Protein chains: 4
Amino acid sequence: MQETIPSSKTQILDAAANCFMNLGSDVASIDDIARSIGATKGRIYHHYPSKGSLLSAVRMRAVAFTLDALATTVGVHKAPADKLRLMAYTHVLTVIKTLPYHKVVLQHYRENVAKSTTEYERKLIAEIEDRRRTYENLFREVIDQGIKNGAFADRDSSVSLHSVLILLNSPVFWYTPPKTGVEQNRQAIANQLADMALASLGVETI
Amino acid sequence: MQETIPSSKTQILDAAANCFMNLGSDVASIDDIARSIGATKGRIYHHYPSKGSLLSAVRMRAVAFTLDALATTVGVHKAPADKLRLMAYTHVLTVIKTLPYHKVVLQHYRENVAKSTTEYERKLIAEIEDRRRTYENLFREVIDQGIKNGAFADRDSSVSLHSVLILLNSPVFWYTPPKTGVEQNRQAIANQLADMALASLGVETI
Amino acid sequence: MQETIPSSKTQILDAAANCFMNLGSDVASIDDIARSIGATKGRIYHHYPSKGSLLSAVRMRAVAFTLDALATTVGVHKAPADKLRLMAYTHVLTVIKTLPYHKVVLQHYRENVAKSTTEYERKLIAEIEDRRRTYENLFREVIDQGIKNGAFADRDSSVSLHSVLILLNSPVFWYTPPKTGVEQNRQAIANQLADMALASLGVETI
Amino acid sequence: MQETIPSSKTQILDAAANCFMNLGSDVASIDDIARSIGATKGRIYHHYPSKGSLLSAVRMRAVAFTLDALATTVGVHKAPADKLRLMAYTHVLTVIKTLPYHKVVLQHYRENVAKSTTEYERKLIAEIEDRRRTYENLFREVIDQGIKNGAFADRDSSVSLHSVLILLNSPVFWYTPPKTGVEQNRQAIANQLADMALASLGVETI
DNA sequence: TATGAATGAGGCTTCATTCAT
DNA sequence: TATGAATGAAGCCTCATTCAT
């Protein structure tokens, strides 16, 4: 879907994202994932050394999707409200397009008081966390600037940031694709959420 | 916390909520829960017939907390914006006060394509879903009314509803209690989120 | 059924026999038995110190039923064929009347390579075995005598004995009571099996 | 014993039959079975998805043994008495040769009011029951024919059938192999039981 | 006598992982 | 690359039994 010619790794990744999404990453077994693409466990273990690394790959790809999407907006010079609106719109659109990946990510907001992990996997997780923070900071900057600016309401900036991000990720919790007009529907939702996000920060819409 | 003298069942429920919150309901084992209150597995199974039923009890109690909290506001006659603000504030405050329960709930937005469930557990889940919907409808009514009213922006009402609810539940993802001034902090957050929720619906905040 | 005023012990015994019969003595739990008479485990433990002792009581009662029934025929002086016929008829009738008990007994033909047993329970089992052997010997005597006698076919006496006993117990495997005419049906079966038993030993019937 | 080179599955099956026979299928644990062939539980679960399915496989094989053995006699045209004698002899011989399997079968005459069974296992059980009935019908036909014929005594045919079958299965309850002359002993028993079975039906034994 | 709470041992089952092929 | 067999650890659950009331 995202790759024109899905490589074996991408096929596995997509399958994993779907299984993790549907069953939860703890419940979905390697066998479930393998079965969903008509393969056996062995094939998966040839590409990913462990279930944890596969999960990390899914989460990493989720961040990559959004980071890539925002790349074009990063250098743009605009007023905070305009810039944030563009970022918000882009973010929502990306999330909806690659929903399974982001659903998996949202399962993992809990502090991973992981029961046991290898050194290698802790490194993967640290990298994900690092990129996630990088991404978050793109929003933090523009929001902080807008608050300082007077463009946004003078509220606690941390709460503002997190609330906006949750709002923009919320399709993860309730989005279901319509029978027809998928693309149009996505854009409508992205627009509405971008509007609501800006409004929640005190920007007068319309 | 909620019970002055926690009964055995409530003690187990609190422990379960905490373990499920920290480790995820799939990873946390009955032994983890038992150990956290110095009990044996047997004691837990004496009160709850299965892990699934324990999880359901936690989720049900979460809904009960919010439903009880809103009970006082149900009859109130106010303009949609005022009424929603009261509801929003109350909701956030309740969620923060009983955070572990709501963290568990939010883990379960995934459609429970559960691997296998007994008839009995499906019934429990249906009851939870029923009460959750009842609760959701309290918000739906006032939001729909406000949109019709012109008090709220004329946007897709379903998206508006779900977005507001996610916003009001967002502390689940990021709240950590401060060292001091806990109560004051809670109220500040509840106020800010209520403000943001109303603003996101297009209500001019003063 | 057997007791005009079922004492508490007898009520438990009957319930146990039924549960053991239906579920198997290993699968039926004390709770199952208690529940089937609307009681709790405690009541059963007041009358029987362990599940094993309860099972033994059921098996012992089964032997007692048949032993009591044959008591009247013990002293009788008749030709082997006639005596055996009377014994056979009486045995079958008794078995059908107290079927659950005998079904339980037949579950335990396997050498009880019991996984673990207390001294006390081994004693109970020894007593049962003792009385069972006593009962078996009543048949052995008359069959041996008949073989020596020429009344019965000159075949291996041990095989003859065991085969006849299995034959006479066979209702345990297939008997189901008719809608009407229960008593008459029982007698018909007892007669037919007695006939077949004698015939199998070479006695010309009719 | 039956397979010259026992496959992994057959080895497990034989081990299961022995354990189920000795301890009872409810008491014998998967660990018991695994241990008896120096394997791990995992190995068994790799080949059989559950204990129930393993038990079903044992029972199914038991029926297969007897069904295969009688295959040669099925087309034979003989008078009922002669045909039944051949069938009886063959049956007894087969049962003694594959005793553990048949001991397991005879433990399960109880209506499996099993506590809980999966759809899959109910299907297995239905198949077993189906083949068992097929086998039983081979005997039913010849017995019915003999009764109609006048070759066998004019008694209730259902009772006659079941009694004969129990008689022919009776070694399951009492057979123990002799120190020497095993094969000869088997044949002697098969002959005696065949004789007794025919006699029990009213056939004059020479 | 009887109950309800609690224990602890043991059984079934799942599953990530490894390995020989 | 991929498969199928096998392992071992861990989790859920049952149940005989004990005990305080």
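Residue numbering restarts at 1 for every chain, and letters A, B, ... go by the order of the sequence lines. These figures come from a predicted structure and were not determined experimentally.
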By nearest atom, which of the nucleotides [options] is closest to the [X] side chain?
{"X": "B:S29", "options": "E:dG11, F:dC12, F:dA2", "answer": "F:dC12"}
{"X": "D:K41", "options": "F:dT3, E:dG8, E:dT13", "answer": "E:dT13"}
{"X": "A:H46", "options": "F:dA16, E:dA6, F:dT3", "answer": "F:dT3"}
{"X": "B:T40", "options": "E:dG8, F:dT17, E:dA16", "answer": "E:dG8"}
{"X": "D:H47", "options": "E:dA16, F:dA6, F:dT3", "answer": "F:dA6"}
{"X": "B:R43", "options": "E:dA6, F:dA16, F:dT3", "answer": "E:dA6"}

Open item on the list: Students often get this wrong, so: under 4.0 angstrom with heavy atoms, is C:A28 touching a base, only sugar-phosphate, or nothing?
Closed with: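 Result for C:A28 = sugar-phosphate.
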Open item on the list: Between A:K51 and A:D26, does any NZ, NE, NH1 or NH2 come within less than 4.0 Å of an OD or OE carboxylate oxygen?
Closed with: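 Looking at A:D26 and A:K51, the cut-off is not met.
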Open item on the list: Quick check: on DNA chain F, is the nucleotide nearest D:A39 upstream (toward 5') of the one nearest B:E121, or the reverse? Name the residue that is more 5'.
Closed with: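 Residue closer to the 5' terminus by nearest nucleotide: D:A39.
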Quick one: [X] [atom1] to [N] [atom2], roughly how many Å, whole number?
{"X": "A:L54", "N": "E:dT17", "atom1": "CG", "atom2": "P", "result": "10 Å"}
{"X": "B:R35", "N": "F:dG11", "atom1": "CZ", "atom2": "C1'", "result": "12 Å"}
{"X": "D:I12", "N": "F:dA5", "atom1": "CD1", "atom2": "P", "result": "10 Å"}
{"X": "C:L55", "N": "F:dA16", "atom1": "CG", "atom2": "P", "result": "12 Å"}
{"X": "C:I44", "N": "F:dC15", "atom1": "CD1", "atom2": "P", "result": "14 Å"}
{"X": "C:D31", "N": "E:dT3", "atom1": "CG", "atom2": "C1'", "result": "12 Å"}
{"X": "A:D26", "N": "F:dC12", "atom1": "CG", "atom2": "P", "result": "12 Å"}
{"X": "D:I30", "N": "F:dG11", "atom1": "CD1", "atom2": "P", "result": "21 Å"}

Open item on the list: Using 30° and 60° as the class boundaries, would you call the ring planes of D:H102 and D:F65 parallel, tilted or perpendicular?
Closed with: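 It falls in the tilted class, 30° to 60°.
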Task: Contact nearer the 5' end of DNA chain E, comparing D:Y45 with B:G42 - done: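 Closest to the 5' end, via its nearest nucleotide, is B:G42.
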Open item on the list: Which is more 5' along DNA chain E, the nucleotide nearest B:G38 or the one nearest D:S50? Just name the residue.
Closed with: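 Of the two residues, B:G38 wins.
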Task: Side chain D:K51 and base E:dT13 donor-acceptor under 3.5 Å - done: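 No pair found.
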Tell me whether [X] contacts the main-chain N or O of [Y] through its side chain, where contact means a donor paired with an acceptor under 3.5 Å.
{"X": "D:N18", "Y": "D:D14", "answer": "yes"}
{"X": "C:Q107", "Y": "C:S25", "answer": "yes"}
{"X": "D:D130", "Y": "D:E127", "answer": "no"}

Task: Complementary nucleotide of E:dG4, counting Watson-Crick and G-U pairs under 3.5 Å - done: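 Base partner found: F:dC19.
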